[in-house]
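The structure under discussion appears below in the form of structure tokens.
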Amino acid sequence: MSSTNPQTFPLILGITGASGLIYAVRAVKFLLEADYTIELVASKSAYMVWQAEQNTRMPPEPEQQEQFWRQQADVPKKGKLICHRWGDVGATIASGSFRTLGMVIIPCSMSTVAKIANGLSSDLLERSADVQLKEGRQLIIVPRETPFSLIHLRNLTTLAEAGVKIVPAIPAWYHNPQTIEDLVDFVVARTFDQLNIDCVPLTRWQGGFREKF
């Protein structure tokens with residue numbers, strides 16, 4: 001009989017063309033450092049955003065893309081990372097019989113939100129998200145958009161009603177952040193909290209605001 005230890009199952013990491021790819025880089029970093037297995041799929045638009053935001057080309061070939069993400073995350077060896085082409089709808093993660101811990105989409109564009117909310121699966125990322133929903137597994141999205149239109153809010157509500165956990169890319173300041181990474185890591189940590197994954201160094205709230213009168 002196979003092991004039922006949750007860490008033996010991979011976590012699907014979806015990366016869309018929303019601005020803020022640093023969220024994805026930090027998520028990859030902490031998961032690999034904690035020896036998780038990641039099944040990574042980036043949408044077609046994510047390639048264009050990398051070029052626009054970082055002036056860097058993300059290679060489409062899975063083997064080269066693995067090295068790309070490891071270099072970006074500065075984790076050359078730990079964990080396991082499997083990358084998939086965005087159009088490979090025959091990949092393992094497109095099937096409900098492939099067991100996973102769930103799926104995190106970070107960052108998540110409003111286009112992806114709309115497609116998942118309406119049951120559309122035009123690429124591997126959207127199909128993988130649809131599979132998590134139909135199998136009753138955890139799906140967590142990190143939307144990165146502002147302001148939200150009424151259409152955005154209605155689509156997010158539809159996902160919430162279907163059981164999707166929504167963790168907006170909104171950092172806090174009570175942990176006394178000193179760098180951009182500190183702000184990003186707060187969002188990544190709260191995202192992983194939804195899966196009971198605790199692998200991000202984070203000063204958690206210990207109580208306070210006790211004002212003396």
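Given the structure is predicted, the values throughout are model-derived calculations rather than measurements.
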Could I get the full list of ring-ring contact (aromatic ring centres under 6.0 Å, His included) partners for W50, not counting sequence neighbours? F68, W69
Applying ring-ring contact (aromatic ring centres under 6.0 Å, His included), can you list everything that pairs with H175, at least two apart in sequence or on another chain? F186
Members sharing I82's hydrophobic cluster, built from side-chain contacts under 4.5 Å between Ile, Leu, Val, Met, Phe, Trp and Tyr, are none
Residues in side chain to side chain contact (heavy atoms under 4.5 Å, CB included) contact with T146, at least two apart in sequence or another chain: R144
Can you name the residues that form a side chain to side chain contact (heavy atoms under 4.5 Å, CB included) with D193, not counting sequence neighbours? R190, R204
Applying salt bridge (Lys or Arg N to Asp or Glu O under 4.0 Å), which residue pairs with at least one partner in residues 39-56 are found, sequence neighbours left out? none
Show me the pairs that pass salt bridge (Lys or Arg N to Asp or Glu O under 4.0 Å) and involve residues 106-117, at least two apart or across chains. K115-E126
Distance-only donor-acceptor hits, side chain of residues 159-166, under 3.5 Å, sequence neighbours excluded:
none

Side-chain donor-acceptor distances from residues 176-184 under 3.5 Å, at least two apart:
unit_1	atom_1	unit_2	atom_2	d
N176	OD1	Q178	NE2	3.1
Q178	NE2	N176	O	3.1
T179	OG1	E181	N	3.4
T179	OG1	D182	N	3.1
T179	OG1	D182	OD1	3.4
T179	OG1	D182	OD2	3.4
D182	OD2	Q178	N	2.7
D182	OD2	T179	N	3.2

Strictly by side chain to side chain donor-acceptor pair (under 3.5 Å), give each pair with a member in residues 127-137 just once, sequence neighbours left out. T100-Q132
Quick one: which residue pairs count as a side chain to side chain donor-acceptor pair (under 3.5 Å) with a foot in residues 86-96, not counting sequence neighbours? S95-S97
All side-chain hydrogen bond (donor to acceptor under 3.5 Å, both in side chains) counterparts of D185, not counting sequence neighbours: R26
